[in-house]
Each structure stands twice: as structure tokens, then as C-alpha cells.
Number of protein chains: 2
Amino acid sequence: MQLFATQGYNATGLDAVLKQAAVPKGSFYHFFGSKEEFGLAVIEEFSGRFLARLDVLLSDPTLTPLDRLRGFLERGEAQLAQHQCTVGCLIGDLGQELAANNERLRARLDEIMRSWRGRFAACIQEAQQAGELSAAFDPEVMAGFILSGWEGAVLTAKVMKSTQPVRDFLATLFATVLTKP
Amino acid sequence: MQLFATQGYNATGLDAVLKQAAVPKGSFYHFFGSKEEFGLAVIEEFSGRFLARLDVLLSDPTLTPLDRLRGFLERGEAQLAQHQCTVGCLIGDLGQELAANNERLRARLDEIMRSWRGRFAACIQEAQQAGELSAAFDPEVMAGFILSGWEGAVLTAKVMKSTQPVRDFLATLFATVLTKP
DNA sequence: ACCAAACTAGACCGATCGGTCTACTTTGTT
DNA sequence: AACAAAGTAGACCGATCGGTCTAGTTTGGT
């Protein structure tokens, strides 16, 4: 997971994975049919953990829906800073790299991103019902907007080696889009 | 440029480039010192063309500043659709893939993204001066927000194989952030 | 104690990677 | 016409890629 997240899929050789995990090749191919299948398993593992944490944070009853969203995104910013902007979002990274080359992985990444968007949308709808947000916008569209913006901000932060893009994204988002009606 | 944009840098072997260009290896290495140097030249070529077009579109005197920005982004959406969402933004793609692996290319991509952000910022400032936009926001921050959002929307569109993320991004952007004061 | 299944271990494979090398052809200058 | 420089052509190089194969070891059931 770490190697894929930092170097990407193609740039990470199996030998590097095996060395880091201290696992011989025979064992690897006993459990995984191919690098692609292993990649899928890594994605699955990451996605599972991530979605679980997302569900916890977005359903925290001590916060308003909008503050849950803000808290989640700010945690992401902190993590990015913690890794000196070298590690962004594994799903976005692999998506960018593999969307055109590997249909199987692309399809799975697509599903995962849609599930995230769905969670965002639910939280936005709650915010609308709580009167925190104008009900004029389609929650699903708004959720897609936030997801895209987030992925792009993380990408830009990696390129610029600075959390500034993420900070600017969050500041602008909550000052303009996610503002009380 | 086409191969890098569709397959990425690492997944594109030199042999593929040489075959497509019908150029023997000897000629290639007569003009380019390495694949990295070639990659830099490709980036340079793309960046030059792109920035030229950006300058034309963002200084069109027949449109208001905001409409120039909208026109530019909508042209991008049309191009994405034209390629069935297989080709996004070369700079963003390479940035995502190489930011952690190749400092030289990363640094150049960083510069290019900053130059784009600068162009956006100038246009936004014009819009503010023309009264099209609230002057309450820092143009540079707002420009970073748009650039991040755009890159993310294109990334998501590639993964989802649909222009919907880009359409949702633009709709939300011009309905909430880039709205008249 | 025995044995089959599960698993470990890494040498090895052909393909492909980026890059080098030498021999040859074309071009521009005088 | 002569010649040096520029450019062409692709065989070839070691390294590394993902993946295979065989031989050995550990494990769990009986």
C-alpha cells in the first residue's frame, strides 16, 4: 500500500514489494495470481479501511453534518502534511495512472469513488435538512464537486510539494459553496 | 505527447514512441540525452501550446472576464468528451505519476501549474474590477481553487469514463463560487 | 508416526526496459 | 570533387520486469 501510494503502480516492481515485506516470490504467487490481482487486493484493503473511517467520521452525532465533513477533510489535510505531500490519495493516484491501461482496476476504482461520493451526498443532504445548507443544490452533484475538488487539491499539493492548494481549496469551499443559506 | 497523455510516462516505452514516430533509436539519442530529457521536451512543447491558447482565450475582448474563463473550461470539457475521457490533462497526469519519483520533471510541472494559476488569477481580478465577482476573495486563492477543482474533475472523469464530474464541477462552480455579488 | 496439503524458497525464464555502439548515409562548405 | 559534420539505422548491452518451476519445509488431520 505504501509503495503503490508513493511510487505508483507501474513504478513499483514486485521485487520491491517482496523485499519490503520480506516475503519470497513463491509465497507471493501462492496467494496472488498476478500483480494485477495483488493490486486489486491492495485497493480492496485500503478501500475497506477508508470507508470504515469515513462512515465513523460522517456520522458523528456530536457534530453538525457540515462540521463532520469539514473535520474529515481537515484530517486529510493533516495526513498530507504529515507525509510532506508525498502521499496523496491511493485511489486517485491509481485511478489517474491506470484508468486508460487496466480496465479491471479502473472499474473497481470507479465503484469506490462512487461510494465515497454517495457518503458525501448523504452528509450534504443531512446538512440541508438541518438547515445548514441551501436545499437548492442536488446533493449528489455537490458531493461530486467536493470529491473532484479534493482529489485535484491533493494532486496539486503533491506537484507543488505544499499543502497550500489543499488549504486554499478548503477555505474557498467553506467560504462559498458550503455556506449557510 | 499522445502516448504520454494516454498511457502515462512509465507505461510508455521508448520503443513505442520510436515506432509511432517512425524514428530509429540512433536519431532519438542524437537529439535527446535520455528519456527524462525527452519527457521534459514533451512537457515544454505541450506547455508552450497550452499557455498560448490560454492567453488568447483569457484575453478575448469580446467577452467578459468571467465568460472567458467559462469558455476556456467548457472547451476543455469538449476536448475530454472528444477523446471519450481517455485523455485528461498531460501536466496533471504526469504530475500525479512523477511528483514523487522525478524531482526534475516535478519541478517543471510545478512551475507550469503556477503559471496557469497566475493566468486564472489575473482573469479573476479583471472580473472583480468589472464588478462581475465579489472582491472579497483573493484572486490567487480563488485561481488555485479552480485549478485544483479542474484537475480533480478531469481525473475523476477519466476514472469514471464520463464527463459528468466535469459537468457537475462547472455547473457548481459557476452557480456558487463564480457568481455575481 | 505418517502423509497429503499448505506453504516457503529462490533460481530461473523470456520479454522488455532505457541506453550504447559502430557502421553507414546524407548534407553543407569549400 | 573532397571532406568533415550531422544524422540515420538497428544490432546489441546489462538490468529489471512480471511470472514459472522445482525442490524443500512446515502444518494439521488421522
Side-chain angles (χ1 to χ4, degrees), chain A residues 1-47 86-87 90-109 159, chain B residues 1-48 86-87 90-91 93-109 159:
Chain A
M1 208 180 289
Q2 183 211 322
L3 287 171
F4 281 160
T6 52
Q7 304 181 320
Y9 182 81
N10 287 313
T12 302
L14 269 186
D15 286 352
V17 174
L18 300 180
K19 190 181 174 189
Q20 175 126 348
V23 161
K25 219 165 216 184
S27 304
F28 178 88
Y29 277 100
H30 179 75
F31 290 99
F32 301 102
S34 63
K35 184 187 182 185
E36 179 185 351
E37 207 167 293
F38 173 67
L40 208 54
V42 170
I43 289 171
E44 225 55 57
E45 177 66 23
F46 177 85
S47 163
T86 58
V87 177
L90 179 68
I91 304 302
D93 289 12
L94 295 183
Q96 176 81 282
E97 188 179 352
L98 301 173
N101 300 329
N102 190 316
E103 175 56 23
R104 202 166 149 215
L105 294 186
R106 194 222 108 242
R108 186 70 189 107
L109 295 168
V159 174
Chain B
M1 206 180 289
Q2 183 211 323
L3 287 170
F4 282 160
T6 52
Q7 305 181 319
Y9 181 81
N10 287 314
T12 301
L14 268 187
D15 286 351
V17 174
L18 301 180
K19 190 181 172 189
Q20 175 127 348
V23 162
K25 219 165 216 184
S27 303
F28 178 90
Y29 277 99
H30 179 76
F31 291 99
F32 301 101
S34 64
K35 185 187 181 185
E36 179 185 351
E37 206 166 293
F38 173 67
L40 209 53
V42 169
I43 289 170
E44 225 54 58
E45 176 66 22
F46 176 85
S47 163
T86 58
V87 177
L90 179 69
I91 304 303
D93 289 11
L94 295 182
Q96 176 80 282
E97 188 179 352
L98 302 172
N101 300 329
N102 189 315
E103 176 55 24
R104 200 165 150 215
L105 294 187
R106 194 223 108 244
R108 185 68 189 108
L109 295 167
V159 174

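Numbers restart at 1 for each chain; the letters A, B, ... are given by sequence-line order, proteins then strands.
Two residues are said to be in side-chain contact when any heavy atoms from C-beta on lie closer than 4.5 Å; Arg106(A) and Leu94(A) fail this criterion.
Contacts of Gly13(A) with the nucleic acid, taken as non-hydrogen atoms under 4.0 Å apart, involve only primed sugar atoms and P, OP1 or OP2.
Of all nucleotides listed (dT8(C), dG7(D), dG19(C)), dG7(D) comes nearest to the side chain of Phe31(B). The side chain of His30(B) sits closest to dG7(D) out of dG19(C), dG7(D), dG10(D). Distance from the side chain of Pro24(B) is smallest for dA9(D) among the nucleotides dC17(C), dG19(C), dA9(D).
Contact check, Lys25(A) against dG10(C): no side-chain N or O comes under 4.0 Å of OP1 or OP2.
One can place CZ of Phe28(B) at 9 Å from C1' of dG18(C), the figure rounded to the nearest angstrom. Straight-line distance from the CG atom of Asp15(A) to the P atom of dC12(C): 15 Å, rounded to whole Å. Between Tyr29(A) atom OH and dA9(C) atom P there is a gap of 17 Å when expressed in whole angstrom units. Between Leu14(B) atom CG and dT20(C) atom P there is a gap of 11 Å when expressed in whole angstrom units. Rounding to whole angstrom units, CZ of residue Phe38(B) and C1' of dC17(C) are separated by 16 Å. In this structure, CG of Leu40(B) is placed 17 Å from C1' of dG18(C), rounded to the nearest angstrom. Between the P atom of dT8(C) and the CZ atom of Phe32(A) lies a distance of 11 Å, rounded to the nearest Å. Taking atom CG on Leu18(B) and atom P on dC17(C), their separation rounds to 11 Å, with Å as the unit.
Using cut-offs of 30° and 60° on the angle between ring planes, the pair Phe4(A) and Tyr9(A) is tilted.
Screening Val23(B), Val42(B), Thr12(B) for a side-chain contact (heavy atoms from CB on, under 4.5 Å) involving Val17(B) leaves a single residue, Thr12(B).
Rounded to the nearest 0.5 angstrom, Leu40(B) CG and Arg104(B) CZ are separated by 5.5 Å.
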